[in-house]
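Written out below as structure tokens is the structure these notes cover.
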There are 2 protein chains.
Amino acid sequence: MDLTRELPLDQIMRGDSIELMRMLPPASVHCVFADPPYNLQLRGELRRPDDSLVDAVDEDWDRFADFAAYDEFTRAWLTECRRVLRKDGTLWVIGAYHNIFRIGAILQDLGFWILNDVIWRKSNPMPNFRGRRFTNAHETLIWAARGRDSRYKFNYQAMKALNDDLQMRSDWLLPLCTGAERIRNAHGLKLHPTQKPEALLHRVLLASTAPDDIVLDPFAGTGTTAAVARRLSRRYIAIERHPAYVEAALGRVRRVRPAPLDGASNTPTRREAARIPFGNLVEQGIVPPGTTVTDRQRRVAATVAADGTLVCGPLRGSIHKLGSEVQNAPSCNGWTFWHVERDGALVSLDTLRASMRTASD
Amino acid sequence: MDLTRELPLDQIMRGDSIELMRMLPPASVHCVFADPPYNLQLRGELRRPDDSLVDAVDEDWDRFADFAAYDEFTRAWLTECRRVLRKDGTLWVIGAYHNIFRIGAILQDLGFWILNDVIWRKSNPMPNFRGRRFTNAHETLIWAARGRDSRYKFNYQAMKALNDDLQMRSDWLLPLCTGAERIRNAHGLKLHPTQKPEALLHRVLLASTAPDDIVLDPFAGTGTTAAVARRLSRRYIAIERHPAYVEAALGRVRRVRPAPLDGASNTPTRREAARIPFGNLVEQGIVPPGTTVTDRQRRVAATVAADGTLVCGPLRGSIHKLGSEVQNAPSCNGWTFWHVERDGALVSLDTLRASMRTASD
DNA sequence: CCAAAACATGAATCGCAGG
DNA sequence: TCCTGCGATTCATGTTTTG
């Protein structure tokens with residue numbers, strides 16, 4: 001397959017992440033989710049990002065060299081991600097205190113624009129056995145747009161719905177990946193040391209992508225991103241170097257059935273709903289010309305003209321313009337500001353529009 | 001006073017942080033708490049949905065030319081902190097996604113050894129008014145030892161006691177500094193835009209210092225660190241450049257009486273009610289997207305969408321809203337109304353939620 | 001005087017489509 | 001690419017005003 005001409009959609013490619021990304025065309029994916037290696041100083045031994053062992057020289061220059069090597073690796077894969085990302089695309093990276101600060105600084109240097117840092121609070125973290133620190137009970141995700149001016153996608157209403165109709169916060173409480181979801185080898189041992197829970201990817205993809213969007217995971221591991229993307233009817237491009245992980249991921253993805261269309265959908269943002277000019281309500285007699293509209297407190301009143309403008313003394317304009325003028329406010333959503341009387345009660349224009357929308361479905 | 005020979009204990013010094021720290025002798029303080037400028041990079045004004053203006057941080061001290069200038073500043077003050085810190089001392093820095101990644105990377109480069117990153121979860125954050133991002137509901141603290149081999153202080157038992165005899169986690173839920181604690185000027189306006197709550201410093205100092213230890217705050221503001229240090233019978237060295245802040249801090253510290261050292265002054269932790277949105281059951285695969293839910297008599301059916309809403313023909317909404325709509329009832333408890341099939345029998349969502357609760361206990 | 005409602009505010013990197 | 005105009009958007013908490 002010629003990757004420079006055809007995207008390897010819904011595939012899990014085995015190989016080096018940076019090399020393979022270099023073969024992809026620029027501005028081709030909507031979203032990147034990356035869970036990069038961070039095996040810097042976790043064990044007694046030091047490992048480089050490519051998993052090779054560092055001679056145990058415990059001197060200052062060695063520590064510096066080690067950070068420098070990690071930074072170089074980070075800069076390389078983030079550069080490729082940015083090249084491959086569409087102008088309005090976003091990138092997610094997950095990490096912990098060993099590596100996330102370096103990643104965050106480098107992605108800022110590369111021109112990414114951070115939108116949020118998100119805290120995955122683990123409901124069941126591993127305790128700190130030696131009692132020398134706080135229980136390390138979270139990991140950090142960075143969500144960033146390709147650039148400061150990106151018109152990135154954020155499914156605000158879907159996130160709000162997911163959280164009982166309150167704005168979704170930057171701290172997410174989710175359990176670790178355990179039980180049946182955890183992929184194990186023939187001996188019953190976990191195959192991957194840091195397999196991420198599918199619930200985490202569910203929220204990530206639902207927040208920042210639409211169905212059929214293309215999601216790239218350069219460090220795919222056992223294929224959590226690919227599996228969730230498939231279930232939510234997103235396309236994926238997954239890269240993983242370790243053959244055993246690739247094999248597990250292939251089997252895993254094959255077992256996933258995409259949710260039916262309704263299931264993969266989410267609440268559309270208001271802006272995505274069909275636009276209905278106020279004039280339509282006038283034309284269709286829902287708010288006939290000559291109707292009096294007022295604010296909620298009935299402090300100001302205006303008359304509906306046949307062309308859908310409002311008239312109030314010498315003032316005339318759209319529902320928004322007149323709303324802002326009578327309030328002396330810089331702007332106004334006329335749909336929610338103005339009301340008409342129905343059965344003795346005041347009903348907002350927005351309510352009338354909503355009933356018109358469901359009637360036309 | 002000759003700072004090179006005598007420590008300015010329990011004083012709030014007015015002046016440039018880096019210059020004054022340079023005059024202090026090396027290895028002289030036990031702990032540093034630093035709340036540096038965040039380099040917020042705001043542009044334009046922001047209005048709430050009610051058109052009121054958000055009072056944003058626009059002080060001179062938070063403006064930097066670019067990332068390079070901010071990094072240089074950061075490297076300079078962190079270098080002095082490290083020089084002044086005792087071998088076994090620790091440093092705390094607080095920041096947000098605008099600056100914390102740069103700070104974390106630089107302090108690693110300087111040889112600090114990160115012990116934890118700690119998340120201050122705000123119980124009452126400002127919402128995201130435009131609905132373009134997740135509510136930015138937390139700030140990040142980095143806790144680091146002077147070096148990898150530091151035998152740093154951690155009051156494990158005190159932290160455990162503060163947390164109902166469970167290990168203290170790396171995520172702390174605390175309210176913002178408001179009400180009587182917030183220092184105001186003669187006009188009743190907040191004096192400092194970013195005054196930190198005393199409860200935060202209480203936990204920081206109780207975790208990582210002993211009575212009579214010396215705590216340095218290079219960006220003291222209105223003296224929160226100094227006030228809490230005094231109440232907990234720690235010594236402090238505070239540096240602040242702005243005369244009005246220094247004046248406020250001096251008066252504030254004077255009013256503090258050291259508490260008896262019996263530990264009775266522990267601030268209690270906030271216990272959270274276990275709120276489980278229906279969306280959690282969807283994310284975690286307990287009720288996967290696409291599942292069909294029905295009422296007990298199977299008279300109406302709906303499909304579960306990925307964001308936790310239910311879809312039924314043209315209707316879409318939360319489990320409660322859709323439940324009331326299909327019944328034509330004013331309200332409905334969706335948890336008990338809707339059921340899914342499990343082993344051929346109908347089980348209410350409420351039952352599934354209950355099993356989820358016990359699993360997480 | 002009390003209860004209820006209205007108001008105020010917090011480290012904020014806070015539009016978008018169409019012409 | 002710039003310009004214009006539509007019209008989307010808030011939670012927890014403390015304080016003040018109103019009935």
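Letters go in sequence order (proteins before strands), and every chain restarts at 1. Everything quoted here is computed from the prediction, not taken from an experiment.
Ring-centre distance between B:W61 and B:F219: not below the 6.0 Å cut-off. Ring centroid separation for the pair B:W143 and B:W92 comes in under the 6.0 Å cut-off.
Going from the C1' atom of C:dT13 to that of D:dT4 covers 26 Å, rounded to whole Å. The gap from the P atom of C:dA12 to that of D:dG5 amounts to 32 Å, rounded to the nearest Å. Remark: the separation of the C1' atoms in D:dT15 and C:dA11 is 23 Å, to the nearest Å. When the P atom is compared between D:dT9 and C:dA17, the two are found 14 Å apart, to the nearest whole Å. Going from the C1' atom of D:dT17 to that of C:dC1 covers 15 Å, rounded to whole Å.
The separation between A:Y156 atom OH and D:dG7 atom C1' is 15 Å, rounded to whole Å.
Contact annotation for A:R353: backbone-only contact, meaning every heavy-atom pair under 4.0 Å involves sugar-phosphate atoms and none involves a base. Residue contacts shown for A:P277 are absent, as no nucleic acid heavy atom lies under 4.0 Å away. Residue-level contact check: A:S318 touches the backbone only, with heavy atoms under 4.0 Å from sugar-phosphate atoms and none from bases. Within the nucleic acid shown, B:P36 comes within 4.0 Å of at least one base atom, counting heavy atoms only. The residue B:D62 sits close to a base: some heavy atom pair falls under 4.0 Å. Among the heavy atoms of the strands lying under 4.0 Å from B:K190 are primed sugar atoms or P, OP1, OP2 only; no base atom is included. Here A:C332 lies in heavy-atom contact (under 4.0 Å) with a base. Using a 4.0 Å heavy-atom cutoff across all strands shown, B:A56 reaches at least one base atom of the nucleic acid. Note on A:Q157: only backbone sugar-phosphate atoms sit closer than 4.0 angstrom, heavy atoms only; bases stay farther off. B:G95 comes within contact range of no nucleotide atom at all, as no heavy-atom separation falls under 4.0 Å. A:D149 comes within contact range of no nucleotide atom at all, as no heavy-atom separation falls under 4.0 Å.
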Per-nucleotide protein contact string for nucleotides 13-19 of chain C (B base, S sugar-phosphate only, - none; heavy atom under 4.0 Å)
BBBSB--
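Looking at B:R43 and A:D149, a side-chain N of the basic residue comes within less than 4.0 Å of a carboxylate O on the acidic one, giving a salt bridge.
Side-chain contact check for B:Y70 and B:Q41: no donor-acceptor pair (N or O, by modelled atom type) lies under 3.5 Å. In summary, the side chains of B:T224 and B:R252 do present a donor paired with an acceptor at a separation below 3.5 Å, with no hydrogens or angles considered. For the residue pair B:H138 / B:D171, no side-chain donor-acceptor distance below 3.5 Å is found, with atom types taken as modelled.
Proximity note for B:Y38 (side chain, C-beta onward) versus D:dT10, D:dT13, C:dA11: the nearest is C:dA11. Which of C:dA12, D:dT13, D:dT10 sits closest to the side chain of B:S123 comes down to D:dT13. Checking D:dA8, D:dG7, C:dA11 against the side-chain heavy atoms of B:K122 singles out C:dA11 as nearest.
D:dT9 makes up no base pair with any nucleotide shown, lacking Watson-Crick or G-U wobble contacts both under 3.5 Å. C:dC2 and D:dG19 make up a base pair, with Watson-Crick or G-U wobble contacts both under 3.5 Å.
Across B:V228, B:L91, B:L141, a single residue satisfies side chain to side chain contact (heavy atoms under 4.5 Å, CB included) together with B:F33, and that is B:L141.
With rounding to the nearest 0.5 angstrom, the NZ atom of A:K160 is 14.0 Å from the OG1 atom of B:T309.
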